[in-house]
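Below is one structure, written out as structure tokens; comments come after it.
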Amino acid sequence: MTDNSRYLLRGEVLSFNDDPGEGDTPAPDSLSHYPDGALLIENGRISAVGHHEQLTSRAPADAKHIDYRGKLLMPGFIDPHVHYAQLDIMASYGRQLLDWLNEYTFPEECRFTQRAHADAVAEAFLDQLIEAGTTTAQVFCTSHPNSVDAFFSASQRRGMRMLAGKVLMDRHAPEALLDPPGGGIDDSERLIADWHGRDRLSYSLTPRFAPTSSREQLDATGGVLRNAPDLYLQTHLSENPGEIAWVAELFPDCQDYLAVYEHFNLVGPRSTFAHGIHLDQDMRHRLAERGSNIAFCPSSNLFLGSGLFDRLACREAGLNISLASDIGAGTELSGLGSLKAAYQVGQLLGQPLTAWQGFYQLTLGNARALHLQDAIGHFAPGSEADLVVLDPAATPLLKRRTARSGSLVERLFALMMLGDERAVHATWINGRTYQG
Ligand code: GUN
Ligand code: ZN
């Protein structure tokens with residue numbers, strides 16, 4: 001569902017071309033910044049980006065001009081690890097991972113046996129995502145195939161680029177969530193046939209984590225992946241000490257947690273491992289060699305008390321990082337909120353996150369981690385017109401702070417520390433605008 005109208009959006013334009021590095025000054029040529037810039041959108045794609053003065057003279061006569069002066073136009077944010085079915089249990093008090101799963105998460109996910117419930121939550125989740133300026137996500141549904149149909153249908157209606165999958169689990173959870181022993185693969189294959197590659201949708205195989213899948217199920221999942229290397233895979237890894245001890249008990253023949261996934265051929269370039277907090281450098285190198293990515297989920301890690309993710313050790317190992325919300329354990333659906341939490345975690349490790357690196361990560365960095373950089377994450381001509389219009393003066397506090405900010409990087413940093421959904425003036429998806 002692409003809008004065939006043409007638009008010329010005027011505003012301050014910022015887009016990354018490459019990783020700006022960790023320093024205070026971004027690496028040369030790593031970003032494009034037009035203080036009085038413009039984007040030309042045609043047929044749902046960015047057809048030109050540059051200075052407003054130059055673009056306005058070249059714009060087709062029928063282009064609708066939209067004035068976003070005073071606002072910041074950036075590629076839509078990307079959330080590479082999030083559970084849509086957990087929207088309604090965000091902020092459930094006082095537990096660590098395994099108790100939180102049993103007390104809140106599994107009972108909540110049981111509700112998704114009902115298609116109507118899944119439809120309603122999928123719509124509410126996408127509304128929230130768009131309000132937060134997030135235009136693409138990699139999403140855990142539940143173990144019910146219905147929940148995936150509901151999510152993809154809602155995403156398709158909105159023309160969104162989304163990755164999602166049916167949770168695979170056949171043990172250690174309530175009966176209503178379990179696949180038959182070793183099963184769930186037929187359902188996954190049906191969903192792949194129906195949704196993978198359709199419009200802007202991709203399928204991600206989704207074994208929940210090692211403790212809730214039998215060896216047979218993990219083995220069958222690896223088999224599907226081997227035969228279809230363009231599929232994605234998402235799971236959890238080394239989030240919590242209790243979880244890690246449990247995995248060691250369940251898989252005594254594997255040298256560590258990662259070795260379980262390696263054994264079943266689940267570690268590849270399109271695999272996202274959420275958390276990866278408690279890893280040694282050997283595990284980081286093994287992940288890096290396979291081109292996988294770790295989704296850093298800072299607000300979730302703080303909420304569940306899971307630990308502090310060592311971002312720089314991962315970078316030193318050459319490991320791809322993505323930055324994610326992981327709601328319901330995450331407390332922020334907003335990418336700006338994830339940046340704030342990432343900065344705070346970084347401060348506790350003596351590795352503060354610069355605004356350059358943070359906004360790169362939310363956009364092009366996350367797109368690259370998901371191999372989507374040819375489609376989204378930046379404003380190169382030809383890319384899909386998903387973007388967020390940020391208002392650096394959205395709240396009285398932001399307005400005061402922005403008035404004191406001389407440079408772009410100061411304004412970006414104020415947005416990442418003080419901003420949330422209120423700072424999202426509008427979100428564009430596939431060349432169409434929501435809000436604003
Ligand atoms: N590990 C296994 N399942 C989950 C989940 O739903 N959320 C988080 N944060 N970790 C998990
Ligand atoms: Zn998760």
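Side chains are part of it too, since the values below use all heavy atoms of this structure and drop only hydrogens, waters and symmetry mates.
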- Just wondering, do L225 and N265 contact through their side chains at under 4.5 Å, heavy atoms? no
- Item | Flag, side chain of R290 to backbone of V267, donor-acceptor distance under 3.5 Å | yes
- Message: Walk me through whether L205 and R270 qualify under side chain to side chain contact (heavy atoms under 4.5 Å, CB included).
- Response: CA-CA 10 Å; L205 289 161; R270 286 171 178 253; over 6 Å; no
- Would you check if the distance from the ring center of F151 to the ring center of F112 is below 6.0 Å? no
- Taking everything shown except R315 itself, do over 12 heavy atoms lie less than 6.0 Å from its CZ? yes
- First locate atom OG1 of T354, then atom CZ of F359, and finally report the distance between them rounded to the nearest 0.5 Å. 10.5 Å
- Item | Audit row: H81, F140, side chain to side chain contact (heavy atoms under 4.5 Å, CB included) steps and yes/no | CA-CA 8 Å; H81 179 76; F140 270 57; 3.5 Å; yes
- Message: I'd like to know if the side chain of Q138 reaches the main chain of P80, judged simply by a donor and an acceptor atom lying under 3.5 Å from each other, with no hydrogens or angles considered.
- Response: yes
- Query: So, D194 and R190, do they make that salt bridge, N to O below 4.0 Å?
  - Reply: yes
- Return yes if a side-chain donor-acceptor contact under 3.5 Å exists between S292 and N320, otherwise no. no
- At what distance, to the nearest 0.5 angstrom, does CG of L308 lie from CD of Q347? 12.0 Å
- Can you tell if the side chain of L177 reaches within under 4.5 Å of the side chain of P174, non-hydrogen atoms only? yes
- Message: Taking R208 first and then E109, would you say they form a salt bridge - that is, a charged N and a carboxylate O separated by under 4.0 Å?
- Response: yes
- Say whether, by atom type as modelled, one donor and one acceptor occur between the side chain of K166 and the main chain of S143 under 3.5 angstrom. yes
- Query: For the atom pair OG (S383) and CD1 (I46), what is the distance rounded to the nearest 0.5 Å?
  - Reply: 5.0 Å
- Less than 4.5 Å apart, any side-chain heavy atom of I327 and any of H83? no
- Task: Please confirm whether F273 and Y261 have ring centers closer than 6.0 angstrom.
- Result: yes
- Message: Could you check whether D282 pairs with R286 (Lys NZ or Arg NE/NH1/NH2 to Asp/Glu carboxylate O, under 4.0 Å)?
- Response: yes
- Item | Presence of salt bridge, D253 and R215, under 4.0 angstrom | yes
- Taking T113 for its side chain and C110 for its backbone only, find out whether a donor-acceptor pair lies under 3.5 Å. yes
- Message: My understanding is that only one of T134, N366, D386, L362 makes a side chain to side chain contact (heavy atoms under 4.5 Å, CB included) with I78; could you say which?
- Response: N366
- Got R200 and M162 here, is their nearest side-chain heavy-atom distance under 4.5 Å? no
- Message: Looking only at the aromatic ring of each residue, does the gap between the centers of W428 and Y7 stay below 6.0 angstrom?
- Response: yes
- Message: Is it true that S334 and E421 share a donor-acceptor pair across their side chains at a distance under 3.5 Å?
- Response: no
- Message: Can a donor-acceptor pair be found, under 3.5 Å and without considering hydrogens, that links the side chain of Y257 to the backbone of E243?
- Response: no
- Task: May I ask you to say whether R411 pairs ionically with E12, meaning some side-chain N is under 4.0 Å from a carboxylate O?
- Result: yes
- Message: Does S202 form a side chain to side chain contact (heavy atoms under 4.5 Å, CB included) with Y232? I'd like the steps, not just the answer.
- Response: CA-CA 8 Å; S202 298; Y232 288 84; 4.0 Å; yes
- To the nearest 0.5 Å, atom OG of S153 lies from atom CD of E123 at 9.0 Å
- Shortest non-hydrogen contact from G183 toward Q217: O-NE2, 2.8 Å
- Query: L126 versus S155: any side-chain heavy-atom pair under 4.5 Å?
  - Reply: yes
- Query: So, are R111 and E108 salt-bridged, with charged N and O less than 4.0 Å apart?
  - Reply: yes
- Donor on one side chain, acceptor on other, N17 and H378, under 3.5 Å: no
- Report the C-alpha separation of N430 and E384 in whole Å, then their side-chain angles, then the decisive distance to 0.1 Å, and conclude whether the side-chain hydrogen bond (donor to acceptor under 3.5 Å, both in side chains) test is met. CA-CA 6 Å; N430 216 18; E384 297 167 356; over 6 Å; no
- Residues two or more places apart in sequence or in another chain: which of them pass side-chain contact (heavy atoms from CB on, under 4.5 Å) with Q114? H117
- Message: In terms of relative ring orientation, are H236 and F209 parallel, tilted or perpendicular, with 30° and 60° separating the classes?
- Response: perpendicular
- Is there a donor in the side chain of N293 and an acceptor in the side chain of T272, or the other way round, less than 3.5 Å apart? yes
- Carefully, step by step, assess D420 and L336 under the rule side chain to side chain contact (heavy atoms under 4.5 Å, CB included). CA-CA 6 Å; D420 54 28; L336 299 176; 5.7 Å; no
- Which pair of non-hydrogen atoms, one from G330 and one from S299, has the smallest distance, and what is that distance? CA-OG, 3.3 Å
- Task: Using the salt bridge (charged side-chain N to carboxylate O under 4.0 Å, His left out) rule, take R158 and D127 through it: C-alpha gap first, then chi angles, then the decisive distance, then the call.
- Result: CA-CA 10 Å; R158 294 170 195 239; D127 285 346; 2.8 Å; yes
- Task: Check whether any side-chain heavy atom of R311 sits under 4.5 Å from a side-chain heavy atom of F296, and report yes or no.
- Result: yes
- Nearest heavy atoms of Y84 and S147, plus distance in Å: OH-O, 2.8 Å
- Message: Once side-chain contact (heavy atoms from CB on, under 4.5 Å) is applied, do any residues pair with C314, and if so which ones, sequence neighbours excluded?
- Response: R284, F309, L319, I321
- Whether Q86 side chain and G328 backbone form a donor-acceptor pair below 3.5 Å: yes
- Task: Indicate the atoms forming the closest heavy-atom contact of T427 with G133, along with that distance.
- Result: OG1-CA, 3.6 Å
- Query: So do M160 and L201 actually touch side chain to side chain, heavy atoms under 4.5 Å?
  - Reply: no
- Note on the structure: One should read off an interatomic distance between L129 CG and F77 CZ, to the nearest 0.5 angstrom, of 11.5 Å
- Message: Given I429, which partner from the list L387, I130, T136 fulfils the side chain to side chain contact (heavy atoms under 4.5 Å, CB included) test?
- Response: I130
- Message: Taking the side chain as everything from C-beta on, heavy atoms only, tell me whether L163 gets closer than 4.5 Å to Y203.
- Response: no
- Message: How long is the straight-line distance from CG of L323 back to OG of S338, given to the nearest 0.5 Å?
- Response: 5.0 Å
- Nearest heavy-atom pair of F379 and L14: which atoms, and what distance? CE1-O, 3.9 Å
- Message: Taking salt bridge (Lys or Arg N to Asp or Glu O under 4.0 Å) as the cut-off, I'd like each qualifying pair that reaches into residues 343-365, sequence neighbours left out, listed once.
- Response: none
- Short question: side chain of S30, backbone of D19 - any donor-acceptor pair under 3.5 Å? no
